[in-house]
There are 2 protein chains.
Amino acid sequence: MAVSIRDVAELADVSVGTVSNVLNRPERVSEAVVARVHDAIRELGYVRNDAARQLRAGRSSSVGLVVLDARNPFFTDIARGAGDEASAHGVSVLLGDSDQNLEREAAYLDLFEEQRVRGVLVSPLGDEGERLERLRAHGTPVVLVDRRADGGVLSSVSVDDVAGGRIAVEHLLDLGRRRVAFVAGPLGIRQVGDRLAGAREAVGAVPDARLEVLEGASLSVFEGRRIGEQLLARDAAERPDAVFAANDLLAVGLLQALVMAGGLRVPDDIAIVGFDDIDFAEATIVALSSVRQPSRLIGQTALRILLEEADDPTLAPRQVVFQPELITRASSRPLR
Amino acid sequence: MAVSIRDVAELADVSVGTVSNVLNRPERVSEAVVARVHDAIRELGYVRNDAARQLRAGRSSSVGLVVLDARNPFFTDIARGAGDEASAHGVSVLLGDSDQNLEREAAYLDLFEEQRVRGVLVSPLGDEGERLERLRAHGTPVVLVDRRADGGVLSSVSVDDVAGGRIAVEHLLDLGRRRVAFVAGPLGIRQVGDRLAGAREAVGAVPDARLEVLEGASLSVFEGRRIGEQLLARDAAERPDAVFAANDLLAVGLLQALVMAGGLRVPDDIAIVGFDDIDFAEATIVALSSVRQPSRLIGQTALRILLEEADDPTLAPRQVVFQPELITRASSRPLR
DNA sequence: TCTCGTCGTTGAAACGATTCACTATCGGCA
DNA sequence: TGCCGATAGTGAATCGTTTCAACGACGAGA
């Protein structure tokens, strides 16, 4: 069943070493032999066995990418960026979706480590710095994406989430809003915590402003809708007049609940700002203001750093931090 | 640097065979030895080398999934479904994003074949039946997702796209619309062609109805916006009064161009129906009617069939076809 | 003619885990 | 006491590729 390099060698009447050379360094082999070997490969339908190749080489030519949520376009954009950069280097990206689930994240990290990938890009869920540093210590480069590494051992490519939270809420305060709600996902997620810290800073600078934190189980459309329904259930006077959502999925869910189901007016009754500026933000029922992150660039940069560290493990860790940008749309227009 | 089973054996003072047994069939080893081996593993930080394992085993414990567009939530939902089913079987899913690009698709298929994955799920871009049948002939099970296999050699899990196109356009015709445009992506993509065929059937049944086909370069939000701008540039009398978009991303782009930028009224001026019913469809500026596919179920089912075929390669190919369901929302409400 | 360098090719060792035939040990039973 | 079977552990062979020292052939230069 399985055709090996040995069969090819036999048919082409050369040694296995020569077949390997044809595959990997054809310039060392005479043209006639190259042609004969290629004929044999085609005739037998030979396909190289990557496991054997890796075993010998000691490492694979893939890198692993573990994202928090593959359904979030922000992360698929990161994956795109990483994929682009990877294919320019002849490397492929294996995508693992942790689905905001610690076990799955660990399972993918284990899998990638067992596969001896060139390196791992990961947007970690919690505080598994130790696990990641161990991975690094064992020789697998690790670059955090969308999260600043503070331990000092790992590199990271991230966005200044504190600044992002600050500019979002400053903007809401500039509109005259004073009762701001932060619709968080799980507060345990660092990015969420940082955005909250930024929001607090902004609120702290305005005497009569208040910040309410609504924690949620996940960063999803579904959860946004659930929280939106809770808000709707309140007396109108008890509702915030502005919401900063920890990401656009939550914001979209809020819009579904508040505007489409609840009949509230955005931004009149409640102004909303999201985070990530996904493609869909522009086409929501009320176009969504959002804090934009350069997602594709994040992916590209992270992959580049990862490959550099794989080539030279002695490189000092780097922290790249991009600045977020506020995109204002209808959902936070000033009232006349 | 690299710790092997041999080092563990030495430290634990047992043979390599025993270490392997501890890892794979611990019930055959005495408790004392199991404990000693585990201590050694921990002390050395040993991590199994998957390449060696696979080489010996002859196959990996991963399956490959090649999707047309990882940015389309429809495909990430399929991936989720496949991932759920896979983790129930102790298998992991490696996701490749072909980005509607034949070369990338081929590169991922090659990669997966070289990795000797258990099988491949693929939503093929064009008509590469031959390539896929060859893969199958070489011993790698292949299941098409979101596309019916007509050759009879491969299994597939899909949705009746012709029916989907038909119910979408019948619905538009029921609203009294007569000048229908099909905003297609690339017509070369089978699913698009099938949806068009369904649309034609529906239009053919109504004497004075007309169908116009607007071909696009890809199935993306961006392309939808571009086509929307073209429509806007026409005289109002020349515009269709209904649009059936080949997927929701196109429809979202159309909404951005027609409603947000162009000021047209939907559904009054133009009614719109999309395809896939992604999460965001419900929260667009005008809630989008769409043809729903059971995406998660498609992924699950495809993975189950794939594993069954991997276990028993003699199984006859199966074609599972789900029926799509029309979800009507504001974008195709009847006018009063 | 002899020697040297180059080019093309060879074949065996190595990568690390699994597997399987085999050995050693021990308790039970006649 | 002697034999049997069960149990625990051994270690060599194996998977398919890459790599590298070695080799033969051949042409150039002396």
Side-chain angles (χ1 to χ4, degrees), chain A residues 1-38 40-41 44-62 110-111 113-118 138-140, chain B residues 1-38 40-41 44-62 110-111 113-118 138-140:
Chain A
M1 183 98 253
V3 179
S4 83
I5 206 176
R6 192 156 267 113
D7 304 310
V8 174
E10 203 167 315
L11 180 61
D13 200 25
V14 294
S15 74
V16 294
T18 299
V19 176
S20 176
N21 280 333
V22 169
L23 258 27
N24 300 300
R25 328 223 246 322
E27 72 282 1
R28 295 202 192 165
V29 183
S30 71
E31 282 184 29
V33 170
V34 169
R36 232 165 57 226
V37 170
H38 276 138
I41 287 178
L44 296 173
Y46 166 75
V47 174
R48 194 194 244 149
N49 183 324
D50 198 48
R53 179 188 176 75
Q54 279 186 214
L55 173 57
R56 184 61 236 242
R59 61 172 191 175
S60 90
S61 64
S62 308
D110 288 347
L111 178 68
E113 190 173 7
E114 290 187 2
Q115 294 194 346
R116 301 291 192 270
V117 293
R118 281 275 251 291
H138 287 9
T140 304
Chain B
M1 181 101 254
V3 179
S4 83
I5 205 174
R6 190 156 268 111
D7 304 310
V8 174
E10 203 168 314
L11 180 61
D13 200 26
V14 294
S15 74
V16 294
T18 301
V19 176
S20 177
N21 280 333
V22 169
L23 257 27
N24 301 299
R25 327 216 245 327
E27 73 281 2
R28 296 204 192 165
V29 182
S30 72
E31 281 184 30
V33 171
V34 168
R36 228 161 65 223
V37 169
H38 275 138
I41 287 177
L44 296 174
Y46 167 75
V47 175
R48 199 195 237 142
N49 183 325
D50 197 48
R53 179 188 174 74
Q54 277 187 213
L55 174 57
R56 186 63 235 246
R59 62 174 193 174
S60 90
S61 63
S62 309
D110 288 347
L111 178 69
E113 189 173 8
E114 290 186 1
Q115 294 194 345
R116 302 289 192 272
V117 293
R118 281 274 249 290
H138 287 9
T140 304

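Just so we're clear, the structure is a prediction, and the values are computed from it rather than from any experiment. First the proteins, then the strands, lettered A, B, ... as listed; each starts at 1.
The CZ atom of B/Arg118 lies 7.0 Å from the OG atom of B/Ser60; values are rounded to the nearest 0.5 Å. In this structure, B/Asn49 CG and A/Gln115 CD are separated by 10.0 Å, a value rounded to the nearest 0.5 Å. The CZ atom of B/Arg25 sits 5.0 Å away from atom CG of B/Asn21, with the distance rounded to the nearest 0.5 Å. B/Asn24 CG to B/Arg53 CZ: the interatomic distance, rounded to the nearest 0.5 Å, is 5.5 Å. Atom OG of residue B/Ser15 and atom CD of residue B/Glu10 lie 12.5 Å apart, to the nearest 0.5 angstrom. Annotation: the span from B/His138 atom NE2 to A/Leu44 atom CG amounts to 9.5 Å, rounded to 0.5 Å.
For the pair B/Gln115 CD and D/dG16 P, the interatomic distance rounds to 17 Å; values are reported in whole Å. C/dT6 atom P lies 14 Å from atom CZ of A/Arg28, rounded to whole Å. The CD1-C1' distance, from A/Ile41 to D/dT17, rounds to 13 Å in whole Å. Atom pair A/Ile5:CD1 and C/dG11:C1' shows a separation of 13 Å (rounding to whole Å applied). Taking atom CD of residue B/Glu10 and atom C1' of nucleotide D/dG11, one finds them 15 Å apart after rounding to whole Å.
Rounded to 10°, the helix from C/dT1-D/dA30 to C/dA30-D/dT1 has 60° between the axis fitted to its first five pairs and the one fitted to its last five.
With DNA chain C read from its 5' end, the first of the two nearest nucleotides for A/Arg6 and A/Val29 is the one closest to A/Val29.
Here the side chains of A/Leu23 and A/Ile41 are in contact, with some heavy-atom distance below 4.5 Å. Here the side chains of A/Arg116 and B/Val47 are in contact, with some heavy-atom distance below 4.5 Å. Two residues are said to be in side-chain contact when any heavy atoms from C-beta on lie closer than 4.5 Å; B/Glu31 and B/Val34 fail this criterion.
At a cut-off of 3.5 angstrom, the base of D/dT18 holds at least one donor-acceptor pair with the side chain of A/Arg56.
Of the listed residues (B/Val8, B/Val37, B/Val29, B/Val22), just one forms a side-chain contact (heavy atoms from CB on, under 4.5 Å) with B/Val14, and that residue is B/Val37.
At a non-hydrogen distance threshold of 4.0 Å, B/Gly17, B/Ser20, B/Asn24, B/Arg25 from residues 11-26 of chain B come into contact with DNA chain C. DNA chain C lies under 4.0 Å from at least one heavy atom of each of the following residues of residues 44-55 of chain A: A/Leu55.
Shortest non-hydrogen contact noted between B/Ala2 and B/Asp7 is O-OD2, 3.9 Å.
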